[in-house]
Amino acid sequence: MLWCTKIRPWITQNSPSEITNLSAAAHSVAHYIRAGTIPQMKSSDPADIPSALKNSIHKRLAPWFQRCKRPMPWRNTSDPYAIWLSEVMLQQTQVATVEPYYQRFLQHFPDIDSLAAAPLEEVLKLWAGLGYYRRARSLHRAAQFIASTYHSVFPCTYDQILQLPGIGPYTAGAIASIAFREAVPVLDGNVMRVLTRLLLIQHDIARPQTRKLLWKIAGSLVPNKNPGDFNQAMMELGATVCTPTRPRCESCPLATLCAARREHLQHRFPVRQSKSATPRISVAAVIIRSPQGRLMARRKPGGLWEHLWEFPAFELVRPTAAGVSKHFFALTGLRIKLKRHPATLAHQLTHRRMEYTLFTGRSLSAAKVELDAKIASPYDAVRWITDMTSVPKSRLTEKISALAG
DNA sequence: AATCCGGGGCT
DNA sequence: AGCCCAGGATT
């Protein structure tokens, strides 16, 4: 239903047209994921990724990994304890940094019992310089937990492993798949990069929804045979080929399938929320002059600029004189013809960017003015003010005052 | 959902 | 020199 492209059955030797079809399959996944909101994929539905595309990924990735994988000390062991140690050390830490620490740690604590019996002080000494020292404390606690609860035998299922301190979804998946051949996925920064490029996933990877989608896709790709090799291959590809900057597409086993590459957009992925993309909010400030000065309102306690006086302002999608006038009337009961001031003013807060548009008007008499309690507003008082220096106000209000004259 | 942890890589 | 990165825990 989702896939526009008809996929031919897999044939060992790919003809050019098949490659085109597979790439188009990746592309149609991309198109589907890109359109509108993030789909709620059913993890039970393996058809989410066309099986021909899945097969092709496995067929290309496995031999590449066997040929190109970097030798690492923890790749020569089947000891779950050693694999666990390596995965915890590899959290947020690069392979080259981890290697010497890993060797040294294993020499001091060759098994769970020796680690569980050691004083925390000794463990931390061996961790010194690696960073994230909570990992060492969690590792130590987990060793004691395994010693007491599992008779020093490392738990062998994803769910049990996930319960250990210092182990989250990534680490549990890595240990379960590598040490126990359980077909569970991993999702780290490398895998996110590979998947978002391969399938041209344009959603912000910082969003929890996007993470969920990526976990599901990773889960639907993990093979039952050698899931650990597949997971390691994806991470290795991200670390050595599908790199954040200048990806080496010419050496990538998945290049012909890659939807981002097909669009020449691989360097733009993954998409993440940039700091400059903080939401922009349009605010209309209203400056009314009367014989008794200008109308100002006091901000309620508990919010932004609490207790400070400012010109009444409204958050609006589109600040038009008519719309602002309506809001202003609802809040204050004053019906005044507003004129848009030519100047606009930007104000950057940590969490949002506010664009101020100024509206000016005149009231011939200093009408009695009260806030309508039924109208939600950030203000708790309003009054005509002749001497601006007599009330506390923010720099922004002073800027507005200077601009509007 | 937001913040912290801490080192290394990149600009 | 300063910004960015991203697994897990905590609040």
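In what follows, every chain begins at residue 1, and chains take the letters A, B, ... in the order their sequences are listed.
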Fill in: Whole-Å gap separating C1' (C:dC5) and CZ (A:Arg193)
10 Å
Discussion item. Distance check needed: B:dG6 P versus A:Arg134 CZ, whole Å only.
Written reply: 8 Å
Worksheet item: Between A:Phe154 and A:Trp84, is the ring centre distance below 6.0 Å?
Response: yes
Discussion item. Does this structure show an ion pair linking A:Glu370 with A:Lys368, if we count only N-O contacts that are shorter than 4.0 Å?
Written reply: yes
Discussion item. Using the P atom as the point on both nucleotides, what is the distance between B:dG8 and C:dA9, in whole Å?
Written reply: 23 Å
Worksheet item: Below 4.0 angstrom, N of the basic side chain to O of the carboxylate: do A:Asp380 and A:Arg298 qualify?
Response: yes
Worksheet entry | P spacing across the pair C:dA1 / B:dG6, given as an integer number of angstrom | 23 Å
Worksheet entry | A:Arg246 CZ - B:dG9 P separation (whole Å) | 18 Å
Worksheet item: Between A:Thr97 and B:dG7, is there a side-chain N or O to OP1/OP2 distance below 4.0 Å?
Response: no
Discussion item. Distance check needed: C:dC5 P versus A:Tyr170 OH, whole Å only.
Written reply: 19 Å
Worksheet item: In whole angstroms, how far is the P atom of C:dC3 from the CZ atom of A:Arg272?
Response: 17 Å
Discussion item. Need to verify one output field. Residue with the more 5' nearest nucleotide on DNA chain B, A:Thr245 or A:Gly129?
Written reply: A:Gly129
Item to complete: Using a heavy-atom cut-off of under 4.0 Å over every strand shown, decide if A:Pro169 touches base, sugar-phosphate, or nothing.
Response: sugar-phosphate
Worksheet, complete the sentence: Taken to the nearest whole Å, CG/A:Leu162 to C1'/C:dG7 is 12 Å
Worksheet item: A:Pro208 side chain: which of B:dA1, B:dG9, C:dA6 is closest?
Response: B:dA1
Worksheet item: Does a salt bridge link A:Glu236 with A:Arg75, judged by any charged N lying under 4.0 Å from a carboxylate O?
Response: yes
Worksheet item: Hey, does A:Ser138 reach any base, or is it just sugar-phosphate, or nothing, if we go heavy atoms under 4.0 Å?
Response: nothing
Item to complete: Write down the distance between CE (A:Met89) and C1' (C:dG7), rounded to a whole number of angstrom.
Response: 16 Å
Item to complete: Mind listing the closest non-hydrogen atom pair of A:Ile167 and A:Ala172 along with its distance?
Response: CG2-N, 3.5 Å
Practice prompt. Take the protein atom OH of A:Tyr133 and the nucleotide atom P of B:dC5, then report the distance between them rounded to whole Å.
Written response: 13 Å
Fill in: Most 5' of A:Arg141 and A:Tyr132 on DNA chain C, judged by nearest nucleotide
A:Tyr132
Item to complete: Would you state whether a donor and an acceptor, one from the side chain of A:Gln91 and one from the base of C:dG8, lie under 3.5 Å apart?
Response: no
